[in-house]
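Starting from 1, each residue takes its place in the sequence as its number. All values reported here derive from a predicted model rather than from experimental measurement.
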Amino acid sequence: MRFLVTANTDAGTVKGINQDSILVKHGVCAQGELLLAVVCDGMGGLAKGELASAMGVRMAAQWFEEELPYELRDLELQALGDKLSRKLKALNERLQAYGKQKNITMGTTFTGILFVNDRYVITHVGDTRIYHIGNRLKQLTKDQTYVAREIRRGAMTAEQARTDRWRNMLLQCVGASKTLEPEVLSGRRERGVYLLCSDGFRHELSEGELYRFLNPLQLIDKEAMESGARYLVEQVKRRKETDNISVIIIKGA
């Protein structure tokens, strides 16, 4: 296998329920090695966030197991990402219908990456993130939040965003958005480490710390990857992060 993977999720120090859900699916096909990794962050302020995030990873797992094998006959990664995007739109409608029936509101972010040998496609909604760590730390996804949009527009600085009252406001959320337009992007896999994480993992960690503990030279084997993930999760908890904490680390040869 060309991929090494470790994952860690924790309820954190305050919440009694872990509303995050994570998924890793691994396989082999004629085109090479397959790996699907997903992080879903159920909305902490919304009822039944843990159900919404669980439905997100369940949908992705079923797609990987039941539909993806047939899609690989005529491989086009951007098209695969678009199909997963359509499934997220359908899930958005189902969650809204369920919420209306039960008189509740629930939602989840969804950030997933599918590797097929030396290529990848990402499908993304919300503010869970994917980074690539090689000779530097690079964020691949764009946060779909109010403050991230204002920073991109030049209307707010990153420093202002850290204390803005709307810093946690999502522009899109599976299950709580009237319309949903997931971000889909594809590319060629690079050597190094791919990191998926919920916002609870990254809020109390600097980019320098992420690079220091998760760079490819540091993560020499699976044991080192597991140790690095555990250490950073505990650091986040010691720094009084109140949210759930989830991380998936992928190292490709």
Side-chain angles (χ1 to χ4, degrees), residues 1-13 18 20-28 32-41 57 109 111-124 126-143 148 158-159 162 185-253:
M1 292 291 185
R2 300 174 65 185
F3 293 105
L4 292 176
V5 185
T6 190
N8 194 311
T9 187
D10 194 292
T13 60
N18 190 347
D20 289 356
S21 295
I22 61 176
L23 172 72
V24 176
K25 302 291 286 186
H26 209 166
V28 178
E33 193 172 359
L34 299 173
L35 179 71
L36 174 66
V38 177
V39 173
C40 292
D41 180 356
V57 299
T109 68
T111 301
I113 185 167
L114 172 70
F115 293 96
V116 182
N117 208 14
D118 63 346
R119 303 281 299 179
Y120 70 79
V121 62
I122 291 169
T123 307
H124 167 68
D127 65 348
T128 42
R129 287 183 181 178
I130 299 180
Y131 295 91
H132 175 259
I133 308 172
N135 55 15
R136 64 187 181 95
L137 181 77
K138 179 182 179 182
Q139 184 179 336
L140 300 181
T141 53
K142 293 180 181 178
D143 292 349
E159 184 63 32
R162 278 190 281 273
L185 57 128
S186 57
R188 185 168 296 278
R189 181 174 62 86
E190 299 179 47
R191 284 182 173 271
V193 172
Y194 287 84
L195 167 67
L196 290 78
C197 63
S198 62
D199 60 340
F201 177 80
R202 61 178 169 79
H203 277 159
E204 297 297 328
L205 296 172
S206 68
E207 291 191 351
E209 287 176 304
L210 291 177
Y211 184 80
R212 177 185 173 191
F213 290 100
L214 300 179
N215 71 78
L217 297 179
Q218 183 76 13
L219 304 184
I220 57 174
D221 53 26
K222 190 174 178 70
E223 183 178 351
M225 292 169 64
E226 292 171 349
S227 176
R230 284 196 305 269
Y231 174 80
L232 290 176
V233 168
E234 290 306 313
Q235 280 291 96
V236 169
K237 292 167 69 175
R238 281 193 287 270
R239 294 173 187 180
K240 309 302 182 184
E241 171 60 52
T242 59
D243 205 351
N244 304 144
I245 306 161
S246 294
V247 58
I248 301 174
I249 302 168
I250 304 163
K251 185 177 183 184

What one should report as the nearest heavy-atom pair of R202 and Y131 is CD-OH, 3.9 Å
List, one per line, each side-chain donor-acceptor pair under 3.5 Å for residues 212-226, sequence neighbours excluded.
{"residue": "N215", "atom": "OD1", "partner": "L217", "partner atom": "N", "Å": "3.0"}
{"residue": "N215", "atom": "OD1", "partner": "Q218", "partner atom": "N", "Å": "3.1"}
{"residue": "N215", "atom": "ND2", "partner": "Y211", "partner atom": "O", "Å": "2.9"}
{"residue": "N215", "atom": "ND2", "partner": "R212", "partner atom": "O", "Å": "3.1"}
{"residue": "D221", "atom": "OD1", "partner": "E223", "partner atom": "N", "Å": "3.3"}
{"residue": "D221", "atom": "OD1", "partner": "A224", "partner atom": "N", "Å": "2.8"}
{"residue": "K222", "atom": "NZ", "partner": "V5", "partner atom": "O", "Å": "2.2"}

Which heavy atom in S198 sits nearest to a heavy atom in T128, and how many Å separate them?
CA-CG2, 3.6 Å
Verdict with reasoning, L195 to L210, per side chain to side chain contact (heavy atoms under 4.5 Å, CB included):
CA-CA 9 Å; L195 167 67; L210 291 177; 4.3 Å; yes
Hey, are the side chains of V247 and L232 touching, using non-hydrogen atoms and a 4.5 Å cut-off?
no
Is there side-chain contact between L114 and Y120, with heavy atoms separated by less than 4.5 Å?
no
When you look at CD of Q235, are more than 12 heavy atoms from neighbouring residues, nucleotides or ligands closer to it than 6.0 Å?
yes
If we only count heavy atoms from C-beta on, is the K25 to L35 side-chain gap below 4.5 Å?
no
Which atom of Y231 lies closest to which atom of R238, heavy atoms considered
CE1-NH2, 4.2 Å
Given L36 and V38, is the side chain to side chain contact (heavy atoms under 4.5 Å, CB included) satisfied, shown in steps?
CA-CA 7 Å; L36 174 66; V38 177; 4.1 Å; yes
Side-chain H-bond candidate by donor/acceptor type, D20 with S246, under 3.5 Å
yes
Lys/Arg N to Asp/Glu carboxylate O, E190 vs R119, below 4.0 Å:
no
Taking only residues two or more places apart in sequence or in another chain, which ones pass side-chain contact (heavy atoms from CB on, under 4.5 Å) with T141?
T111, I122, H124, R129, I130, Q139, E183
Which label fits H26 and F3: parallel for a plane angle under 30°, tilted from 30 to 60°, or perpendicular past 60°?
perpendicular
What's the shortest heavy-atom distance between G200 and V236, and which atoms?
O-CG1, 3.4 Å
Taking every heavy atom of N244 against every heavy atom of A11, the minimum-distance pair comes out as ND2-O, 2.8 Å
What are the two closest heavy atoms between R189 and F115, and how far apart are they?
CD-CD2, 3.6 Å
Under 4.5 Å between any side-chain heavy atoms of V121 and L185, yes or no?
no
Quick one: are I248 and I250 in side-chain contact, heavy atoms under 4.5 Å?
yes
